[in-house]
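A quick write-up on the structure given underneath.
Chain letters run A, B, ... following the sequence lines, proteins first and then strands; every chain starts at 1.
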There are 2 protein chains.
Amino acid sequence: MTLQQLKYLVAIADSGLNITAAAERLYTSQPGISKQLKLLEQELGVQLFTRKGKSLAAITPAGRDVIGRARRIMREAENIRSLASDLSGEQDGTLSIATTHTQARHVLPEVIKAFRERYPKINLELHQGTSEQIAELVAANRVDFAIATGSRQLFPGLVLLPCFRWDRIILVPNGHPLTGGNKKLTLSVLAGYPLVTYVFGTTGESSLKKAFAEQGLEPNVVFTARDADIIKTYVRMGMGVGIVAPMAYECQDQKDLTAISAAGLFPRVTTWLGFRRDAVLRRYMVEFVTLFAPQLTPQLTRQAAQLPTQAEVDALFDEEALPLRVGCEEGQERL
Amino acid sequence: MTLQQLKYLVAIADSGLNITAAAERLYTSQPGISKQLKLLEQELGVQLFTRKGKSLAAITPAGRDVIGRARRIMREAENIRSLASDLSGEQDGTLSIATTHTQARHVLPEVIKAFRERYPKINLELHQGTSEQIAELVAANRVDFAIATGSRQLFPGLVLLPCFRWDRIILVPNGHPLTGGNKKLTLSVLAGYPLVTYVFGTTGESSLKKAFAEQGLEPNVVFTARDADIIKTYVRMGMGVGIVAPMAYECQDQKDLTAISAAGLFPRVTTWLGFRRDAVLRRYMVEFVTLFAPQLTPQLTRQAAQLPTQAEVDALFDEEALPLRVGCEEGQERL
DNA sequence: CGCGTTTACGTCGTTCGTAACGATA
DNA sequence: TATCGTTACGAACGACGTAAACGCG
């Protein structure tokens, strides 16, 4: 049994049991893969795949178990290599992040700008998706970091670092009846207006629906979208009142949109950054975390990474002490 | 990087940084090890050891991390081999158990006898030690199973299967004032006698001390020992009243010793069997578990082994439904 | 007959052991 | 000088790629 053989095995599994495809993926010859697989099966004395004629038809139960463990080995080997290139001071590498639209569009740009200046040679990959898609990418070890809001239970086995908290804001066209602060904004007032907000379903956003339900109110949601840009467009059109993340309210929006803080109306949410507990954190990764959330110093991040359970990670942080994110201050009204 | 190189690396670390010793341990030549280590360091671009002259002086921080991950890889590779030999129906292998004296002396003999008949070719290793020593052996992956009573928090990361429960018994010479059941046995009555019992310190036994303390009593412990044989000897000598596990009261003891159940006086304790969560359970291992605790069927054991947390394992079992162990029924009095 | 796997074979690189050398205490 | 690690070298092995054969749809 060699690392090579295990790598081949995993590649075959990842190529739909097509040895030729696995060979291409690994830039090597097909007979080589075939032979090493046979040698591995011979050494182990177990069929890892069922054959139909000469082709591989399915993975045997034994094969599934072996492949799973082989994946772990490959991951750990990758970790060793990664760790080593970090310590030998190499400045190349990749930082792969999966996140939601709000972060990618309104928070990450300036973070990434600073990061690129600091580490110009690091290859950056940004994947945008729903919480579920992010969870998938993380589980498959396709990304280094996941950044999302709420829905922590979707990400078992990750180290989740709280980064900042925020309260939703209400977006209305300038001069809207809700502006001016002459009457107190409550959920029941809000329920009287048509609402435009994020797609429900992800845990973070459905907490909004729950807030209404707890007061026996049924919000009149006339439009849902995945990103704030679309929501703002429809708010401008007068379709309804927007409920968005404060980061989405930029100063240029004050020309035609007024933001009203919804602090107190809905539960405050926490944006966190997560990574696999067994992953190697290269220097540039840790530094990225600090750029994203300054209170997460490199020492703190590394300390959290070594804790065996999320409960212990949580104990490191005082939720009340987390920075509170707001959007453009101008043109924004308090409750 | 090859599995071979990682194996050599771990062997060097385990041989006190002595390459020659590592070579002997691996039945290979010393220059081979030396060269592979150099190749590995070269490929990784990191010094794994600090050199003093030509000798290895210490492990670098990078080396410690790499070695740790190498160990994981070696363990997983071992798991693959083990899994494969099990599935290919090989009847050789080793079962290594770490346990306490009580289990080794009074419970395991008949279990092991049955196991040997079923699997005569399996090599059995039994290590007796304190809870702390057992925890060490398990952590170092030196044993397959740990069997102990109480003190679960000493064994993080293990799958702990509850096997049976038991109540301590009071051992006195025949005709002792405590026999006959003419007066109700209470802790305060017991506190009036000199006591002979197990060494305190292990969590399981100190619960005994706590039971006294909760009633404001200070037990008069005149002698502590690690095993029941010694305790029985001193009880026979009239040194005091013994408090032992019921399994230690054998039928031949009734000639000169009377056992009184202490159910209700002290908390009931649970004996469990534990193994590493990521370990491969070979067929004979699972069958051993069933021999040791019949309610732990092979299916149940394998199911528990796949659960990610101990909490979920615990949820599989109803503590009240666990078998209750008693010693020799004859010559034993109820409270 | 195309697609995919296995077999055959020649080449090349790697590993391994022996032996000699070097350094350190 | 004994101990331990490195260097040198030759033999053997093993991996890889090309080419050809085989089986299946």
Side-chain angles (χ1 to χ4, degrees), chain A residues 1-60 62-63 66-67 70 73-74 77 80-81, chain B residues 1-60 62-63 66-67 70 73-74 77 80-81:
Chain A
M1 178 162 47
T2 65
L3 280 181
Q4 188 87 282
Q5 289 171 341
L6 298 178
K7 183 169 77 184
Y8 288 180
L9 174 65
V10 169
I12 292 173
D14 286 344
S15 305
L17 309 195
N18 182 324
I19 295 185
T20 305
E24 282 167 10
R25 173 188 296 219
L26 295 172
Y27 306 106
T28 184
S29 74
Q30 178 273 322
I33 307 265
S34 192
K35 183 161 193 182
Q36 291 306 316
L37 172 62
K38 177 173 289 187
L39 281 173
L40 180 61
E41 285 188 318
Q42 196 174 320
E43 178 181 342
L44 295 180
V46 172
Q47 286 270 108
L48 300 175
F49 300 99
T50 57
R51 310 313 212 258
K52 196 160 71 181
K54 289 192 168 182
S55 297
L56 306 184
I59 305 177
T60 63
V66 171
I67 289 169
I73 289 179
M74 295 317 297
I80 289 179
R81 275 186 271 264
Chain B
M1 179 163 46
T2 64
L3 280 181
Q4 187 89 280
Q5 289 171 340
L6 297 179
K7 183 169 77 183
Y8 286 0
L9 174 65
V10 169
I12 292 173
D14 287 344
S15 305
L17 310 194
N18 182 323
I19 296 185
T20 306
E24 281 168 10
R25 172 189 295 219
L26 295 171
Y27 306 107
T28 184
S29 73
Q30 178 272 322
I33 308 266
S34 192
K35 183 159 193 182
Q36 292 305 316
L37 171 62
K38 176 174 290 188
L39 281 173
L40 180 60
E41 286 189 318
Q42 196 174 320
E43 177 181 342
L44 296 180
V46 172
Q47 286 270 107
L48 300 175
F49 300 98
T50 57
R51 314 302 213 266
K52 196 160 69 178
K54 290 192 168 180
S55 296
L56 306 184
I59 304 176
T60 63
V66 171
I67 289 170
I73 290 180
M74 296 316 297
I80 289 179
R81 277 185 270 264

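- Which of C/dC16, C/dA19, D/dA15 sits closest to the side chain of B/Gln36 comes down to C/dC16.
- Residue B/Lys52 places none of its side-chain N or O atoms closer than 4.0 Å to OP1 or OP2 of D/dG5.
- A distance of 8.5 Å separates CG of A/Asn18 from CG of A/Leu56, quoted to the nearest 0.5 Å.
- As judged by a 4.0 angstrom heavy-atom cut-off over every strand, B/Ser55 is placed among residues touching the sugar-phosphate backbone only.
- Scanning for side-chain hydrogen bond (donor to acceptor under 3.5 Å, both in side chains) contacts around A/Arg81 gives an empty result, with sequence neighbours left out.
- Proximity of A/Gln4 to the phosphate of D/dA15: no side-chain N or O atom is located under 4.0 Å from OP1 or OP2.
- A 4.5 Å side-chain heavy-atom check between A/Phe49 and A/Leu9 finds at least one atom pair inside the cut-off.
- Expressed to the nearest 0.5 Å, how far OG1 of A/Thr60 lies from CG of A/Leu48 amounts to 5.5 Å.
- Between the C1' atom of D/dC24 and the CG atom of A/Leu56 lies a distance of 14 Å, rounded to the nearest Å.
- Here C/dC9 presents its P atom at 12 Å from NZ of A/Lys35, a figure rounded to the nearest Å.
- Taking atom CG of residue A/Leu3 and atom P of nucleotide D/dA15, one finds them 13 Å apart after rounding to whole Å.
- Between the CG atom of A/Leu39 and the C1' atom of D/dG14 there is a distance of 9 Å, given to the nearest Å.
- In this structure, B/Gln4 and B/Lys7 have side chains that are in contact, with non-hydrogen atoms separated by less than 4.5 Å.
- Following rounding to the nearest Å, A/Met1 (CE) and D/dG14 (C1') show an atom-to-atom distance of 18 Å.
- For the atom pair B/Ile12 CD1 and B/Ile19 CD1, the distance stands at 4.5 Å (nearest 0.5 Å).
- Atom pair B/Leu37:CG and C/dC16:P shows a separation of 14 Å (rounding to whole Å applied).
- A/Gln30 comes within 4.0 angstrom of a nucleotide base, judged by non-hydrogen atoms across all strands.
- Taking atom CD of residue B/Gln42 and atom P of nucleotide D/dT7, one finds them 11 Å apart after rounding to whole Å.
- Listed by residue number, B/Leu17, B/Asn18, B/Ile19, B/Thr20 are the residues of residues 7-28 of chain B with a heavy-atom contact under 4.0 Å to DNA chain D.
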Taking only distance into account, with no hydrogens and no angle test, what donor-acceptor pairs under 3.5 Å do side-chain atoms of residues 20-29 of chain B form with protein atoms, sequence neighbours excluded?
{"from": "B/Arg25", "atom 1": "NH2", "to": "B/Asp14", "atom 2": "O", "distance (Å)": "3.0"}
{"from": "B/Ser29", "atom 1": "OG", "to": "B/Gly32", "atom 2": "N", "distance (Å)": "3.3"}

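- One atom, CD1 of B/Ile33, and another, C1' of C/dG17, lie 12 Å apart when rounded to the nearest Å.
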